[in-house]
Structure formats: C-alpha cells, structure tokens
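Worksheet for the structure shown next.
In what follows, chains carry the letters A, B, and so on, assigned in the order in which the sequence lines appear, proteins first and then strands, with residues in each chain numbered from 1.
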Amino acid sequence: MRFEKRVWQKCRLIPKGKVSSYKELAKALKTKAYRAVGNALKKNPYGAWQTKGKSCRRQRCFVPCHRVICSDGSLGGYQGKLNSKKKIQLLKKEGIKIKNKKIADFEKKFFRF
DNA sequence: CTCGTGACTTACG
DNA sequence: ACGTAAGCCACGA
C-alpha cells in the first residue's frame, strides 16, 4: 500500500463535523512524516480513487481532505493553495465555525484517532 | 544514492 | 505576531 493511500484511508475515518491535523494523521500512521502527509493530500484525487486499472466502481471514494488542517488550528491548504475559500465553505457547511482563518473551538472539533 | 520539493511542526529572535 | 531556520519524511527525477 502506498503511503498516500494510507493517508487518504485515515482521512476517511474523520467524521463529518470534525477536523484533524496533519500531525495527528501522521501519528495515526505511526510516522513523523508530517510533510509527506501534506504531499499525499495534495496528490489526493478527491473523489476519484483510482486503483491501477480499475476505476472507482461507483463507490464513495470521497476523501475529506478539507478536514485535515494545521496543528495550530489554521486551515493549511486545499486544492493546491492556502486558505482556500472552498475549504472554508465546506467546513462551515459541516458545522465547523471559522474564526479569522482558524478553527473556532478547535479542541472541541478536533478528532483523535 | 543524491537532490529538490512540499497543503508540516517546532523553536527562536 | 511574524519571519526564518532546522528537522522531518515520502516521492520522483
């Protein structure tokens, strides 16, 4: 299993309305590759999990990478750029409040594996 | 193997 | 608060 896929797999464990950090994600993977986690999410197909040869088979392959943020509560990046509006929209839509580009009630919304 | 590149984190100034 | 530097690890060239 490629590292990226393990990352995405963990991402999918994050429930709606919760967030987690790159650090926590890395910890769940028993690695300290925080940056590699970021790389993995950047490469994330986001809804088009492509297995070599086989396509997504109509399964829900959604990877909620917008629920993964920085350890200090800031948003980090999304779709190749930082502080994406789209990411904010998605999070707010899931019931997470954004305060000055940071997560409000970070402690409450934080999901630990 | 070495190097450059990050959607990171922590520590300093 | 903000910028920098160093540490970190996976990945591709």
Side-chain angles (χ1 to χ4, degrees):
Chain A
M1 182 73 84
R2 269 176 86 51
F3 180 78
E4 297 94 321
K5 291 192 177 181
R6 289 192 292 139
V7 174
W8 306 336
Q9 206 166 277
K10 285 292 178 185
C11 276
R12 296 173 66 185
L13 298 180
I14 304 174
K16 184 172 182 292
K18 293 269 191 173
V19 296
S20 192
S21 66
Y22 294 98
K23 183 182 176 184
E24 190 66 24
L25 205 46
K27 205 173 68 175
L29 292 170
K30 297 178 173 53
T31 175
K32 301 174 196 62
Y34 312 127
R35 315 188 74 177
V37 172
N39 284 330
L41 293 182
K42 186 167 72 172
K43 297 174 189 171
N44 150 37
Y46 193 78
W49 182 315
Q50 297 176 0
T51 335
K52 288 177 188 170
K54 292 186 176 181
S55 48
C56 193
R57 287 186 221 179
R58 291 179 205 165
Q59 292 183 316
R60 289 176 52 80
C61 305
F62 178 67
V63 182
C65 52
H66 57 276
R67 297 185 191 140
V68 184
I69 59 180
C70 295
S71 63
D72 64 350
S74 58
L75 295 180
Y78 186 65
Q79 295 183 333
K81 54 183 182 173
L82 276 55
N83 296 321
S84 169
K85 300 295 182 195
K86 187 70 179 175
K87 188 165 183 174
I88 297 176
Q89 302 296 332
L90 287 168
L91 290 175
K92 287 185 70 173
K93 199 167 138 190
E94 297 189 347
I96 296 171
K97 303 287 188 294
I98 307 299
K99 184 73 175 179
N100 192 26
K101 308 247 184 320
K102 287 181 182 291
I103 301 298
D105 300 323
F106 188 42
E107 298 297 322
K108 285 186 162 188
K109 305 296 183 184
F110 192 78
F111 174 73
R112 290 175 176 75
F113 291 95

Whole angstrom value for the distance that separates P of B:dG6 from CG of A:Leu82: 12 Å

Integer-rounded Å distance: B:dA7 C1' and A:Lys42 NZ: 7 Å

Atom pair CD (A:Glu24) and NZ (A:Lys27), whose distance is rounded to the nearest 0.5 Å: 4.0 Å

Nucleotide B:dA7, atom P - distance to NZ of A:Lys81 in whole Å: 13 Å

Sidechain N-carboxylate O distance under 4.0 Å for A:Asp105, A:Lys99: no

Heavy-atom side-chain contact between A:Val68 and A:Val7 under 4.5 Å: no

Phosphate OP1/OP2 of C:dC9: any A:Thr31 side-chain N/O under 4.0 Å: no

Distance in angstrom units between A:Arg6 CZ and C:dC9 C1', rounded: 12 Å

Point-to-point distance, once rounded to the nearest 0.5 Å, from NZ of A:Lys18 to CZ of A:Arg67: 11.5 Å

Touch class at under 4.0 angstrom, heavy-atom based, for A:Lys32 against every strand present: sugar-phosphate

Between C:dA13 and B:dA7 - C1' atom distance, rounded Å: 22 Å

Proximal nucleotide (of B:dT10, B:dC8, C:dC11) relative to the A:Tyr34 side chain: B:dC8

Closest-nucleotide ordering on DNA chain B, the 5'-leading residue of A:Val37 and A:Cys70: A:Val37

Sugar-phosphate only, base, or nothing, as touched by A:Ala33 at under 4.0 Å among non-hydrogen atoms: sugar-phosphate

Gap separating the CZ atom of A:Phe110 from the CD1 atom of A:Ile103, nearest 0.5 angstrom: 11.0 Å

Touch class at under 4.0 angstrom, heavy-atom based, for A:Tyr22 against every strand present: base

Under 4.0 angstrom between A:Ser84 side-chain N/O and B:dA7 OP1 or OP2: no

Separation of atom CH2 in A:Trp8 from atom C1' in B:dA7, rounded to whole Å: 14 Å

Among C:dG12, B:dC8, B:dT10, the one nearest A:Arg35 by side-chain distance: B:dC8

Integer-rounded Å distance: C:dA10 P and A:Leu29 CG: 10 Å

Separation of atom NZ in A:Lys43 from atom P in C:dC11, rounded to whole Å: 6 Å

Nucleotide C:dC11, atom C1' - distance to CZ of A:Arg2 in whole Å: 7 Å

